[in-house]
Amino acid sequence: MTISAILGGTFNPPHLGHITPALEVADSLGINKLGLMPCKIAPHKPVDTSQEHRVNMVKACCKSDSRLYTELIELELPSPSYTVKTLKALKQRNKQTICFFIGADSLYTLHKWYAWETLLDYCHIIVMRRDNQQYSPPDHILPWLEAHTTKDVNTLHSADNGYVYLANSGLVTVSSTQIRTKIQCEDDTELHQWLSPPVLEYIRQHKLYKKK
Ligand code: ATP
């Protein structure tokens, strides 16, 4: 089975903290494409940016590196959205081994995701470091983690699903929240360091995140 890498996110906006470590890890796993998969946001969640802008920013981001592509499957599926449902649909559609990338912060709250214990029925989970600390998952996911973690990249290629891989990725500690706050405060410093040029251009063109 061929293997693909997918990074799901709100991408409000997509930034180099998403892209740089994920591409580095994908390379180290021998995967040469990385799909950025914007998630659907529940109507009650306080996200000001429209789905259209988030998708356009992801598309803009994908222009910055030929290894990136936009994966819109979650937005095409009926609501409510759950990652596990999305991964099942993606696996059925593509018949590929999916390496689903998440940041360490997402691993630490994974047990709150809908049917989280069945995620590995459809993918491998690849965890990227998000801060300088050692991985420190909460106690109640430790048995699950112990049962499923592999340190062997070959296992990710030989098994269709079922493994967690804790990547020793480089750190880019920025978050979308930090970027939105900077722009709201009219502080342009560091935006070039954190955003790819097509995304920064899109944000400026549409005056996103400015105070109303
Ligand atoms: P926000 O600040 O709005 O919560 P975010 O920067 O955390 O957003 P998301 O789009 O919510 O970005 O993240 C999508 C995925 O990328 C998550 O699994 C998250 O853990 C991971 N991620 C985001 N930023 C980083 C980063 N700097 N390093 C590693 N992983 C990251």
Side-chain angles (χ1 to χ4, degrees), residues 5-29 34-42 45-51 53-62 64-65 68 70-75 81-84 86-87 90 98-114 116 119-120 123-138 141 145 164-185 187 190-191 193-196 199-200 202-203 208-209:
I6 295 286
L7 172 65
T10 313
F11 298 124
N12 184 27
H15 52 68
L16 298 185
H18 294 123
I19 308 310
T20 310
L23 282 173
E24 173 203 319
V25 174
D27 271 349
S28 72
L29 302 182
L34 173 69
L36 302 184
M37 185 171 79
C39 65
K40 207 184 267 182
I41 296 186
K45 288 255 175 89
V47 173
D48 280 346
T49 318
S50 68
Q51 180 171 297
H53 281 318
R54 290 190 299 113
V55 168
N56 287 341
M57 286 191 283
V58 167
K59 287 182 174 166
C61 185
C62 291
S64 64
D65 193 301
L68 297 172
T70 310
E71 173 52 70
L72 296 180
I73 190 166
E74 176 151 321
L75 308 180
S81 275
Y82 294 113
T83 303
V84 71
T86 305
L87 290 170
L90 191 60
I98 300 167
C99 285
F100 185 62
F101 283 49
I102 58 174
D105 58 313
S106 299
L107 175 71
Y108 301 162
T109 55
L110 201 69
H111 55 287
K112 297 185 178 160
W113 293 20
Y114 174 78
W116 69 278
L119 283 165
L120 292 177
C123 65
H124 300 308
I125 294 179
I126 312 299
V127 186
M128 304 183 288
R129 293 166 67 219
R130 192 136 187 199
D131 58 30
N132 244 330
Q133 312 301 315
Q134 297 278 18
Y135 283 112
S136 56
I141 74 163
L145 209 50
V164 179
Y165 180 83
L166 303 176
N168 189 20
S169 44
L171 286 179
V172 186
T173 52
V174 68
S175 71
S176 299
T177 305
Q178 267 174 285
I179 293 172
R180 293 194 301 273
T181 306
K182 281 240 174 214
I183 298 175
Q184 261 197 2
C185 301
D187 176 358
E190 291 173 314
L191 291 183
Q193 267 164 259
W194 293 343
L195 294 164
S196 63
V199 175
L200 186 52
Y202 186 91
I203 290 173
L208 299 184
Y209 312 123

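Numbering of ligands and ligand atoms starts at 1, following listing order. This structure is a prediction, so every number in the text was calculated from the model and none was measured.
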Is there a side-chain contact between T173 and N132 in this structure, where contact means two heavy atoms from C-beta onward sitting under 4.5 Å apart? no
Atom OH of Y114 with >12 non-hydrogen neighbours under 6.0 angstrom: no
Run the numbers for me: atoms of ligand 1, each under 4.0 Å from some heavy atom of R129, listed by number. 28 (N), 29 (C)
Residue H15 vicinity, atoms of ligand 1 by number, heavy atom under 4.0 Å: 6 (O), 24 (N)
Beyond-backbone contact of H124 with Y165, side-chain heavy atoms, under 4.5 angstrom: no
Find all atoms of ligand 1 within a distance of less than 4.0 Å from any non-hydrogen atom belonging to I102, and give their numbers and elements. 18 (O)
Here the atoms of ligand 1 under 4.0 Å from any heavy atom belonging to S175 are 2 (O), 6 (O)
Tell me: protein heavy atom nearest atom 28 (N) of ligand 1, and distance? G17 O, 3.3 Å
Taking atom types as modelled and ignoring hydrogens, do the side chains of Y209 and D48 form a donor-acceptor contact shorter than 3.5 angstrom? no
Tell me, please: is V172 in heavy-atom contact with ligand 1, that is, under 4.0 Å? yes
Between P21 and V172 the two heavy atoms that sit nearest each other are CD-CG2, 4.1 Å
Is the closest N or O pair between F11 and ligand 1 shorter than 3.5 Å? yes
For the OG1 atom of T49 and the CD1 atom of I41, what is their distance to the nearest 0.5 Å? 8.0 Å
Number the atoms of ligand 1 from 1 as they appear, then name those within less than 4.0 Å of a heavy atom of R180, with their elements. 3 (O)
Who's closest to atom 31 (C) of ligand 1 heavy-atom-wise, of Q178, M37, R130? R130
Does ligand 1 have any atom sitting under 4.0 Å from a heavy atom of G8? yes
A student checking ligand 1 against S106 at a 4.0 Å heavy-atom cut-off should list atoms 17 (C), 18 (O), 19 (C), 20 (O)
Under 4.5 Å between any side-chain heavy atoms of P13 and L195, yes or no? yes
Min side-chain heavy-atom separation V164-V127 under 4.5 Å: yes
Per-atom filter on ligand 1: closer than 4.0 angstrom to a heavy atom of T177 are 1 (P), 2 (O), 3 (O), 4 (O)
From the candidates G103, S176, P38, the one that places a heavy atom nearest atom 6 (O) of ligand 1: S176
Looking at atom 11 (O) of ligand 1, what's its closest protein heavy atom, distance included? T10 OG1, 3.7 Å
Just to be sure I read this right, does ligand 1 sit under 4.0 Å from the backbone of V174, its side chain, both, or neither, counting only heavy atoms? backbone
I want to know if ligand 1 touches M128 in the polar sense, i.e. an N/O pair below 3.5 angstrom. no
I want to know whether F11 and H18 have ring centres closer than 6.0 Å. yes
Return the closest protein heavy atom for atom 9 (P) of ligand 1 as residue, atom name and distance. H18 NE2, 3.5 Å
Within-4.5 Å side-chain heavy-atom neighbours: L87 and F100: yes
Close side-chain approach of W113 and S106, heavy atoms under 4.5 Å: yes
Need the ligand 1 atom indices (1-based, order shown) with element for anything under 4.0 Å from a heavy-atom of D105. 19 (C), 20 (O)
